[in-house]
Protein chains: 2
Amino acid sequence: MSLKDVAAEAGVGFGTASRTLSDSGYVAEGTRRRVLEAADRLGYRPNRLAAGLRSNRSRLIALLVPDYTNEFYARGSAAIARCLRDLGYQLIIATSSNGTEERDAIESLAEYHVDGIVRVPVDPDLDARVSCPVVELNRRSNLPRVPAVLCDDRSGFRALTEALLERGHRRIAMIVGEQNFSTSLERAAGYREAIAGTDVPSRVLFGSFDSRWGEQATREIFSDEESITAIIAASPRIASGAVAACVKMGVRVPDDLAFASYDDPEWFDFWGSGIRSFVPPLEEMARRAVEVLLDRLESPDSLPETIVLPGRTHEGGSIGVGLA
Amino acid sequence: MSLKDVAAEAGVGFGTASRTLSDSGYVAEGTRRRVLEAADRLGYRPNRLAAGLRSNRSRLIALLVPDYTNEFYARGSAAIARCLRDLGYQLIIATSSNGTEERDAIESLAEYHVDGIVRVPVDPDLDARVSCPVVELNRRSNLPRVPAVLCDDRSGFRALTEALLERGHRRIAMIVGEQNFSTSLERAAGYREAIAGTDVPSRVLFGSFDSRWGEQATREIFSDEESITAIIAASPRIASGAVAACVKMGVRVPDDLAFASYDDPEWFDFWGSGIRSFVPPLEEMARRAVEVLLDRLESPDSLPETIVLPGRTHEGGSIGVGLA
DNA sequence: ATGAAAGCGCTAACAC
DNA sequence: GTGTTAGCGCTTTCAT
């Protein structure tokens with residue numbers, strides 16, 4: 001059951017049927033209706049593989065994320081999928097936990113001739129040059145001339161740190177992820193900006209964006225002599241590990257330790273009096289990323305733009321009311 | 001850059017190059033190597049759209065879930081994607097929150113000629129008949145002759161209920177999701193089996209698998225005269241709402257209320273002394289689903305099998321030590 | 001074991 | 001406006 005059948009059923013030529021169903025070019029209103037009815041009667045469904053092959057437009061968009069077990073990416077993916085579906089695209093998803101996997105994923109995606117790629121870079125130095133437009137989401141790679149949609153993490157973590165300073169904290173540690181991720185650097189930069197000019201020593205622990213590191217780093221912090229009174233976790237995963245460590249070590253939040261984090265998973269609200277955190281506008285970021293991508297499909301050589309969106313602060317009792 | 005170029009570069013015929021690269025049919029070892037080298041030199045990447053069009057094998061597998069913001073489905077999707085990638089397939093994902101969306105999603109997927117569909121049914125009565133094999137995951141639709149991979153929820157919830165009975169509870173409410181989901185019915189059935197033959201009254205609240213319902217149902221339960229001493233939530237989302245209600249109403253777990261749930265999101269461990277729950281072997285379910293699907297690709301008319309896997313119980317202090 | 005040729009379903013270019 | 005035709009890149013069949 002193909003276009004040819006529809007054309008026959010409608011008593012029109014092959015091309016007219018095509019033009020009608022993909023509405024391009026002129027078709028007389030009457031003919032148009034006849035074709036549409038015929039298609040309907042036969043239950044015609046276009047073959048996107050064939051259409052894509054011929055037109056070089058697969059109507060497939062790829063999403064390349066480190067791990068969509070991570071609720072953060074899951075929510076982002078869902079938002080992207082929603083936008084895309086409304087525009088008649090399908091989402092094809094690939095995950096990559098390291099540079100090698102990422103390269104493989106990109107090549108595999110290229111084989112399907114995806115129209116565009118939304119990428120959360122895993123290896124920021126990977127040369128992901130492909131023939132379709134790419135937009136980076138959340139993090140930024142080191143590639144020049146790639147559009148990106150980010151959150152203003154720097155300001156967010158500056159604010160988080162300032163709130164801690166206001167409450168009298170002078171020993172504040174920050175646990176971040178991979179040293180080569182823009183998100184680690186930006187978030188740490190916000191922290192450093194806040195303590196610059198004060199006598200508060202900088203203590204940033206680089207590791208990786210997962211709970212194992214959150215737990216380990218927290219233990220490290222408490223095994224040191226210097227008595228840290230506040231910890232900032234750069235991601236919910238890190239926060240999860242840090243919280244686990246506190247529970248196991250009998251450290252109470254906020255009594256023994258002030259705590260702040262990033263994003264807003266549901267469990268933040270259930271943990272004690274809630275966790276203070278900086279929350280990125282994930283859905284909007286996703287929407288804008290799709291927007292940028294489709295823009296570039298229309299005009300492939302428009303200037304690559306970097307969009308940085310502001311986030312908001314989620315209140316929560318975890319930073320306490322201030323030091324005695 | 002296409003097969004033709006590779007063939008030319010290798011100095012062989014078009015078809016020989018194809019046979020080599022998709023290793024089907026006879027190719028002499030020497031020729032083979034020449035083709036492989038040529039492909040490598042040119043950085044040849046096959047066009048899967050073209051291959052799929054011709055061979056009716058797109059190497060695309062679709063995943064149809066209600067919502068992958070839901071960590072449960074996210075983890076399942078990740079597991080499926082992992083299996084598939086190793087087998088050279090790509091995953092194309094669609095979500096549907098109701099029957100209409102589900103139907104649209106299936107039709108759209110069909111247009112891409114996916115080789116198979118892994119489906120978590122949203123509308124159990126939707127006639128999802130398509131030309132490719134389908135396997136149902138986690139829930140089962142009402143369609144006959146569709147293979148499914150499920151968890152033995154009934155036994156799991158029976159055990160959960162029994163643990164509560166053993167601790168002396170006689171007023172146990174169960175909050176489940178949609179009335180027409182097999183998961184609601186099976187989980188409720190486990191609960192009923194456990195209380196059958198005791199004087200414990202059955203109290204099952206049907207609603208939907210989300211936190212709003214969890215919260216609302218919990219409030220309902222506490223507004224009634226009868227004094228419920230234990231609640232079983234049929235999903236983590238429901239649990240999340242129930243817990244939120246308890247926090248707001250000042251109900252302490254396990255002192256005022258024993259609580260049990262399903263699955264094992266990370267926050268269960270942070271909530272008080274942990275939440276007792278029944279945990280499905282999600283990764284294995286995903287693996288088996290892929291297995292079944294690919295089996296049916298080989299032999300489309302093998303008998304549809306329903307696989308029911310056992311789960312395990314996660315300990316947790318939320319069910320307390322027993323009534324005084 | 002290999003090359004030549006047909007054709008998957010569609011779009012786009014062209015003639016009428 | 002509409003029909004006809006070529007051809008996207010590949011697999012598959014059929015000679016050889």
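Chain A is the first sequence line, chain B the second, and so forth, proteins listed ahead of strands; every chain is numbered from 1.
Contacts with DNA chain C (heavy atom under 4.0 Å) in residues 25-39 of chain B: Tyr26(B), Val27(B), Ala28(B), Thr31(B), listed by number.
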Quiz: residues 63-76 of chain A side-chain donor-acceptor pairs under 3.5 angstrom, not counting sequence neighbours:
from: Asp67(A); atom 1: OD1; to: Thr69(A); atom 2: N; distance (Å): 2.8
from: Asn70(A); atom 1: OD1; to: Phe72(A); atom 2: N; distance (Å): 3.0
from: Tyr73(A); atom 1: OH; to: Arg139(A); atom 2: NH1; distance (Å): 3.3
from: Arg75(A); atom 1: NH1; to: Asp263(A); atom 2: OD2; distance (Å): 3.2

Side-chain donor/acceptor pairs under 3.5 Å, residues 111-124 of chain B, sequence neighbours excluded:
from: Glu111(B); atom 1: OE1; to: Arg48(A); atom 2: NE; distance (Å): 2.9
from: Glu111(B); atom 1: OE1; to: Arg48(A); atom 2: NH2; distance (Å): 2.9
from: Glu111(B); atom 1: OE2; to: Arg45(A); atom 2: NH1; distance (Å): 2.8
from: Tyr112(B); atom 1: OH; to: Ser58(A); atom 2: O; distance (Å): 3.3
from: Tyr112(B); atom 1: OH; to: Arg59(A); atom 2: O; distance (Å): 2.7
from: Asp115(B); atom 1: OD1; to: Ser58(B); atom 2: N; distance (Å): 3.0
from: Asp115(B); atom 1: OD1; to: Ser58(B); atom 2: OG; distance (Å): 3.4
from: Asp115(B); atom 1: OD2; to: Ser58(B); atom 2: N; distance (Å): 3.4
from: Asp115(B); atom 1: OD2; to: Arg59(B); atom 2: N; distance (Å): 2.8
from: Arg119(B); atom 1: NE; to: Glu102(B); atom 2: OE2; distance (Å): 2.8
from: Arg119(B); atom 1: NH2; to: Glu102(B); atom 2: OE1; distance (Å): 3.4
from: Arg119(B); atom 1: NH2; to: Glu102(B); atom 2: OE2; distance (Å): 3.0
from: Arg119(B); atom 1: NH2; to: Asp123(B); atom 2: O; distance (Å): 3.0
from: Asp123(B); atom 1: OD1; to: Asp125(B); atom 2: N; distance (Å): 2.9
from: Asp123(B); atom 1: OD1; to: Leu126(B); atom 2: N; distance (Å): 3.4

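Remark: Asp5(B) engages no residue in a salt bridge (charged side-chain N to carboxylate O under 4.0 Å, His left out) (not counting sequence neighbours). With sequence neighbours excluded, the residues that form a side chain to side chain contact (heavy atoms under 4.5 Å, CB included) with Glu29(A) are Arg32(A), Arg33(A). Not a single side-chain hydrogen bond (donor to acceptor under 3.5 Å, both in side chains) links Asn180(A) to another residue, sequence neighbours left out.
The salt bridge (charged side-chain N to carboxylate O under 4.0 Å, His left out) analysis of residues 8-18 of chain B, with sequence neighbours excluded, yields the pairs Glu9(B)-Arg41(B). Pairs passing the side chain to side chain donor-acceptor pair (under 3.5 Å) check and including a residue from residues 287-300 of chain B, sequence neighbours excluded, do not occur. Screening residues 84-99 of chain A for side chain to side chain donor-acceptor pair (under 3.5 Å), with sequence neighbours left out, gives Arg85(A)-Glu101(B), Gln90(A)-Ser108(B), Ser97(A)-Glu101(A). Applying the salt bridge (charged side-chain N to carboxylate O under 4.0 Å, His left out) test to pairs two or more places apart or on separate chains, none has a residue in residues 87-98 of chain A.
Between Ala17(B) and His113(B), the residue anchored closer to the 5' end of DNA chain C is Ala17(B), taking for each the nucleotide with the nearest heavy atom.
For Asn56(A) and dG9(D), the CG to P distance is 7 Å, given to the nearest whole Å. Rounded to whole Å, the distance from CZ on Arg57(A) to C1' on dT11(C) is 13 Å.
At its two ends the helix from dA1(C)-dT16(D) to dC16(C)-dG1(D) runs along axes set 40° apart, each axis drawn from five pairs and the angle rounded to 10°.
What you find for Ser208(A) and Glu178(A) is that their closest heavy atoms are CB-OE2, 3.2 Å.
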Measure all distances between protein nitrogen or oxygen atoms and nitrogen or oxygen atoms of nucleotides 10-14 of chain D, and list the pairs falling under 3.5 Å.
from: dC10(D); atom 1: OP1; to: Tyr44(B); atom 2: OH; distance (Å): 2.4
from: dC10(D); atom 1: OP1; to: Asn47(B); atom 2: N; distance (Å): 3.1
from: dC10(D); atom 1: OP2; to: Leu3(B); atom 2: N; distance (Å): 2.5
from: dT11(D); atom 1: OP2; to: Ser18(B); atom 2: OG; distance (Å): 2.8
from: dT11(D); atom 1: O2; to: Arg54(B); atom 2: NH1; distance (Å): 2.6

